[in-house]
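Report on one structure; see the data block that follows.
Order of the sequence lines sets the chain letters (A, B, ...), proteins ahead of strands, with each chain counted from 1. The basis for the numbers below is simple: all heavy atoms, side chains too, and nothing from hydrogens, waters or symmetry mates.
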Amino acid sequence: MQNKYNAHVIEREAQQYWDGHRSFRAVEAPGKPKYYCLSMFPYPSGKLHMGHVRNYTIGDALTRYHRMRGYNVLQPMGWDAFGLPAENAAMANNVPPAKWTYDNIAYMKKQLVSLGFAIDWERELATCQPDYYRWNQWLFLRMLEKGLVYKKTGTVNWDPVDQTVLANEQVIDGRGWRTGALVEKREIPMYYMAITRYADELLAALDRLPGWPERVKTMQANWIGRSYGVRLAFPYTLDGKHDKLWAFTTRADTIMGVTFCAVAAEHPLATRLARDNPKLAAFVDECKRGSVIEADFATMEKKGLPTGFFVAHPLTGEKIEVWVGNYVLWGYGDGAVMGVPGHDERDFAFARKYGLAIKPVIDVNAKPYSTDAWQPWYAEHGKCVNSGKYDGLDYDAAVDVIAADLAAKGLGEKQVMWRLRDWGISRQRYWGTPIPLIHCTDCGDVPVPDDQLPVVLPEDCVPDGSGNPLAKRADFVNCKCPKCGKKAMRETDTMDTFVDSSWYYIRYACADQKSAMVDERVNYWLPVDQYIGGIEHAILHLLYSRFWTKVMRDLGLVTIEEPFTNLLTQGMVLNEIFFRKSDGGRIVYYNPADVVMTPGAGSLGITGATPTLKIDGQPVEAGGTGTMSKSKNNGVDPQALIEEYGADTARFFMMFASPPEQTLEWSDSGVEGASRFLRRLWSYCEKFDKRKRSGDRTQIGLNVKKATLLEVHSVLKQANHDFEKHQFNTVASAAMKMLNALDRLEAVDKDVEECLSILLRLLCPITPHISHHLWQKLSFGKDILEAKWPEHDPAALIEDEIEFVLQVNGKLRGNMRVAKDADRALIEKLALQNPNVQKHVNGQPVKKVVVVPGRLVNVVV
RNA sequence: GCGAAAGUGGCGGAAUUGGUAGACGCACCAGAUUUAGGUUCUGGCGCCGACAGGCGUGUGGGUUCGAGUCCCUCCUUUCGCACCA
């Protein structure tokens with residue numbers, strides 16, 4: 001053996017060995033239990049960051065662990081290669097997004113390979129390749145045929161200076177990120193996927209996903225948001241025509257408390273009334289300004305304007321004034337709400353602000369009620385009061401009777417409402433999957449025939465920030481109508497990149513299949529047994545993937561119901577955020593590595609530190625901590641770590657740092673410890689090898705040996721338990737404990753050898769290179785990948801005596817050792833005799849003695 | 001604002017799921033080895049206290065023989081909010 005641990009040499013050798021033996025090629029083997037382990041594929045942003053290292057090390061550890069447990073494993077990798085950052089980079093550097101993307105893929109693949117992940121690279125895919133995205137187009141057309149894709153208008157952020165649509169991320173404090181111009185809303189035609197048709201199933205099937213974290217299921221359920229209520233109508237007459245204003249409510253029992261109605265600015269009634277009311281028109285315009293981001297919407301000041309127009313209360317016929325409210329969502333329900341200030345907090349605030357009547361109609365369970373200030377109990381369910389014939393009815397009865405009365409008048413009915421909205425997939429951007437439609441003046445929107453797929457995206461465009469460059473490419477836009485053959489225009493919108501990521505895990509099963517989206521191999525590999533990725537994907541990506549799977553199932557393409565059997569949501573890796581804001585409102589982010597804390601004099605002699613940029617010494621603003629990301633420029637490239645310490649140290653450190661599901665604030669303190677452990681392991685193995693070769697006959701004392709075996713096997717038992725829980729930080733510490741136990745011994749024998757082989761196998765999923773190397777060098781076998789996973793020996797855990805904790809009144813007062821077969825009476829007697837216990841009992845009468853078998857005695861006085 | 005989670009030494013974290021709080025590491029301190037630096041090894045290390053002992057898991061309350069763990073309150077941080085991926 002070499003006497004120094006040289007990570008780079010042994011890691012290169014191990015990787016060459018795996019490469020030469022095609023160790024990670026996954027082949028379908030019917031009859032053998034399969035394990036499809038998948039980490040969310042990366043966006044090729046340039047370099048890996050620590051979040052990637054964490055994600056892929058978790059996946060690799062699970063992959064290798066299951067392989068050693070006898071599963072036929074598949075761990076593929078690919079690239080989520082379409083998206084906005086490539087266009088931004090293109091603008092900044094005048095490089096086509098395609099070139100930038102492929103360069104990034106090449107670099108990041110090298111990084112992944114150097115980390116030694118057990119990936120089957122033969123299945124690699126990139127979503128920007130026509131081979132992949134043609135099937136996005138193909139499935140889009142199948143969904144169009146089934147009516148699962150349809151066209152309607154949608155609202156987008158519009159930058160009036162650049163004359164372009166902005167992503168939500170490009171809107172900062174209501175202004176365009178490049179121009180600083182106030183963003184406007186704009187209605188444009190878009191294509192939608194009808195995910196709401198699957199709302200019921202997407203909700204119900206959550207109960208059949210025991211392998212998913214509860215919090216993710218809760219978030220999805222809330223997102224889908226099924227609510228039971230009543231859709232009711234307020235009749236009115238306008239322009240000589242009878243019409244109805246529809247609204248949905250979950251509180252039909254409060255209908256007698258309605259004192260106003262509010263509609264969204266985009267509501268047709270608002271549009272109509274604004275026509276001859278300039279003040280209203282101005283207000284409607286004001287509401288339509290601003291961004292489309294719902295969080296902004298929810299936090300902005302609630303404003304309204306009366307229209308002077310009245311509708312009739314559906315039950316009493318009372319005149320109710322219609323208001324336009326900036327807080328009424330035009331995407332949810334009918335874009336109108338009935339205002340019940342008495343029992344809805346938002347309506348209450350609105351009524352107080354504008355002096356509208358507040359009419360309590362629920363007894364709120366006899367708690368005090370005052371129209372001066374809102375109290376949380378005003379929203380409670382209770383019996384109806386001030387409600388005429390409904391007085392005295394409770395919530396359920398009131399809703400039933402009121403719904404029946406409304407139905408009798410043709411002015412309402414019970415309805416299930418979903419918060420979930422259909423999925424708008426049109427993007428006015430270049431770097432994405434072209435939507436396969438052709439616009440013909442005579443034939444309308446005509447699907448591109450299957451035999452003309454894929455609609456290939458030209459790869460040499462360089463966006464300039466002013467609209468979609470595809471629209472300026474005559475060679476792309478101009479085409480013939482497939483129906484009538486006349487001149488026509490190709491659709492230039494591309495698809496949301498969530499489309500790409502909604503089914504890539506299916507494609508891995510048959511990535512080389514040229515003539516179909518899927519083949520029979522998907523039935524072998526799918527569903528994914530273990531999916532691993534960031535918690536930030538808890539809703540959108542995971543919901544879209546579930547939806548897409550169900551669509552493919554209904555098209556007969558796959559047989560699975562759900563794509564991911566088990567889900568591990570990795571906690572985010574956070575880092576500090578630093579930025580500067582220019583006068584135009586534009587924000588530039590600086591990497592924490594380029595920022596130093598400069599001490600400066602604070603007020604009253606307290607010294608504070610100011611973050612300053614290394615290059616110019618000028619201060620930057622601190623933006624707290626947040627997820628490592630390209631957009632916040634706060635990623636940490638693992639390359640330096642790998643180059644200094646090697647892949648195994650980087651992997652071990654990352655796993656040891658915290659449990660996988662927990663948020664992790666980045667710090668490299670502790671890397672030394674990981675590195676030291678691997679060096680200690682190496683030098684121990686070197687010592688072990690020498691002793692074994694020299695035929696050293698030193699005997700190990702019987703008690704010492706028993707203690708060592710007890711330690712190693714109890715730690716192994718715990719570690720196996722932790723592996724099943726995916727708690728790799730304690731698996732890593734288990735390995736350290738084992739090494740500590742072995743290193744205390746001065747000699748080697750067969751039992752020690754077995755313990756060392758356990759340690760190497762336990763470490764193999766986390767630090768595969770050093771485990772591979774030492775396994776061979778110590779002649780444990782040819783390839784540790786083929787070794788059997790270690791199980792603890794129950795015989796080693798048997799002890800003659802058990803240690804009990806002694807408490808008086810719940811406070812720790814001592815310990816005692818008792819023979820393992822002692823009965824309860826004896827344990828109680830021995831505990832009461834214990835001098836420490838006696839001291840604290842101090843002659844007081846003993847009320848009770850609690851004995852927890854094998855663990856603890858508590859004397860209560 | 002709404003939805004979801006998290007909060008334990010100077011730091012990362014552990015705690016057999018209601019039973020010895022701080023495993024295993026990092027940092028630090030002392031000692032040994034070393035020409036020195038680094039490496040390596042040994043020991044110490046929650047806070048207060050001379051000791052006895054007391055206090056201690058974000059805040060305040062509750063349940064229990066016993067609470068980091070269960071219930072309620074508040075605070076802080078993180079994730080998501082439909083065009084970042």
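At distances below 3.5 Å, at least one donor-acceptor pair connects side-chain atoms of A:Gln220 with backbone N or O atoms of A:Ala538. At distances below 3.5 Å, not a single donor-acceptor pair connects side-chain atoms of A:Thr492 with backbone N or O atoms of A:Leu470. Judged by distance alone, the side chain of A:Asn834 and the main-chain N or O of A:Val837 form a donor-acceptor pair under 3.5 Å.
For B:G58, the O4'-C1' to base torsion is more than 90° from 0; the nucleotide is therefore anti. B:U17 shows a glycosidic angle within 90° of 0 and is accordingly assigned syn.
Taking the six-membered ring for Trp and thresholds of 30 and 60 degrees, A:Trp431 and A:Phe82 have ring planes more than 60 degrees apart, a perpendicular arrangement.
Using Watson-Crick or G-U wobble geometry with both donor-acceptor distances under 3.5 Å, B:A67 finds no partner in any strand shown. Across all strands shown, B:C2 forms a Watson-Crick or G-U wobble pair with B:G80, both key distances being under 3.5 Å. Base pairing of B:G53 is made with B:C48, judged by Watson-Crick or G-U wobble geometry with both donor-acceptor distances under 3.5 Å.
Atom CZ in A:Phe348 sits roughly 18 Å away from atom P in B:G1 (whole-Å rounding). Atom C1' of nucleotide B:A82 and atom CH2 of A:Trp418 are separated by 17 Å, given to the nearest angstrom. Atom P of nucleotide B:C81 and atom NE2 of A:His537 are separated by 10 Å, given to the nearest angstrom. One atom, CG of A:Asn729, and another, C1' of B:G22, lie 15 Å apart when rounded to the nearest Å. Put simply, CZ on A:Phe82 is 12 Å from P on B:A85, counting in whole angstrom units. Taking atom CZ of A:Arg676 as the reference point, atom P of B:U39 lies 7 Å away to the nearest angstrom. Look at CD on A:Glu576: it is 12 Å from P on B:U78, rounded to the nearest Å. Whole-Å rounding puts the A:Trp431 CH2 to B:C84 C1' distance at 17 Å.
Using a 4.0 Å heavy-atom distance criterion, A:Ser501 is classed as making no nucleic acid contact. Nucleic acid contact for A:Pro42: none, since no nucleic acid atom lies under 4.0 Å from a heavy atom of the residue. Using a 4.0 Å heavy-atom distance criterion, A:Gln718 is classed as making no nucleic acid contact. Using a 4.0 Å heavy-atom criterion, one finds that A:Val860 contacts the sugar-phosphate atoms exclusively. At a threshold of 4.0 angstrom between heavy atoms, the contacts of A:Gly571 with the nucleic acid are absent. In this structure, A:Phe498 reaches the bases: a heavy-atom distance under 4.0 Å links it to at least one base atom across the strands shown. Within 4.0 Å (heavy atoms only), A:Leu540 reaches at least one base atom of the nucleic acid. Among the protein residues, A:Tyr43 comes within range of the sugar-phosphate backbone only, with heavy atoms under 4.0 Å from sugar or phosphate atoms but none that close to a base. Across all strands shown, A:Glu345 has no heavy atoms under 4.0 Å from either base or sugar-phosphate atoms. Counting non-hydrogen atoms under 4.0 angstrom, A:Arg419 reaches a base of the nucleic acid. Nucleic acid contact for A:Arg346: none, since no nucleic acid atom lies under 4.0 Å from a heavy atom of the residue. In this structure, A:Leu420 reaches the bases: a heavy-atom distance under 4.0 Å links it to at least one base atom across the strands shown. Within 4.0 Å (heavy atoms only), A:Lys811 reaches sugar-phosphate atoms of the nucleic acid but no base atom. Residue A:Met190 is in base contact, counting any heavy-atom pair closer than 4.0 Å across all strands shown.
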Would you tabulate the nitrogen or oxygen pairs shorter than 3.5 Å linking the protein to nucleotides 3-5 of chain B?
residue: B:G3; atom: O3'; partner: A:Asn222; partner atom: ND2; Å: 2.8
residue: B:G3; atom: O2'; partner: A:Asn222; partner atom: ND2; Å: 2.9
residue: B:A5; atom: O2'; partner: A:Arg215; partner atom: NH1; Å: 3.4

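Considering only side-chain N and O atoms, A:Arg421 lies nowhere under 4.0 angstrom from the phosphate OP1 or OP2 of B:A82. The phosphate of B:U64 (OP1 or OP2) has no side-chain N or O of A:Lys848 nearer than 4.0 angstrom. Of the side-chain N and O atoms in A:Lys839, one or more sit less than 4.0 angstrom from OP1 or OP2 of B:G53. Contact check, A:Thr627 against B:C79: a side-chain N or O comes under 4.0 Å of OP1 or OP2. Within the 4.0 Å cut-off from OP1 or OP2 of B:A6, not a single side-chain nitrogen or oxygen of A:Gln662 is found. Proximity of A:Gln727 to the phosphate of B:A15: a side-chain N or O atom is located under 4.0 Å from OP1 or OP2. Contact between the side-chain N/O atoms of A:Ser631 and the OP1/OP2 oxygens of B:C84 is not found at any separation under 4.0 Å. Residue A:Asn740 places at least one side-chain N or O under 4.0 Å from the OP1 or OP2 atom of B:G25.
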task = Test side-chain contact (heavy atoms from CB on, under 4.5 Å) on A:Lys820 and A:Glu799 and set out the steps.
result = CA-CA 7 Å; A:Lys820 72 163 195 277; A:Glu799 285 184 275; over 6 Å; no
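The aromatic ring centroids of A:Phe652 and A:Phe677 lie less than 6.0 Å from each other. For A:Phe728 and A:Phe723, the ring centers sit closer than 6.0 Å to each other. Centroid-to-centroid, the aromatic rings of A:Tyr327 and A:Phe297 stay 6.0 Å apart or farther. Note: A:Tyr132 and A:Trp503 meet the aromatic proximity criterion, with ring centroids under 6.0 Å apart.
For A:Arg855 against B:U20, a side-chain-to-base donor-acceptor contact under 3.5 Å is absent. Side-chain atoms of A:Glu294 and base atoms of B:C2 include no donor and acceptor less than 3.5 Å apart.
Remark on RNA chain B: of its neighbouring residues A:Gly670 and A:Ser629, the 5'-side contact belongs to A:Gly670, judged by nearest-heavy-atom nucleotide.
For A:Val805, counting side-chain heavy atoms from C-beta on, the closest listed nucleotide (B:U17, B:U20, B:C83) is B:U20. The side chain of A:Asn168 approaches B:A82 more closely than any other nucleotide in the set B:G19, B:C26, B:A82.
There is no side-chain donor-acceptor pair under 3.5 Å between A:Thr625 and A:Glu576. With hydrogens and angles left out, the side-chain atoms of A:Trp177 and A:Asp159 include no donor and acceptor closer than 3.5 Å.
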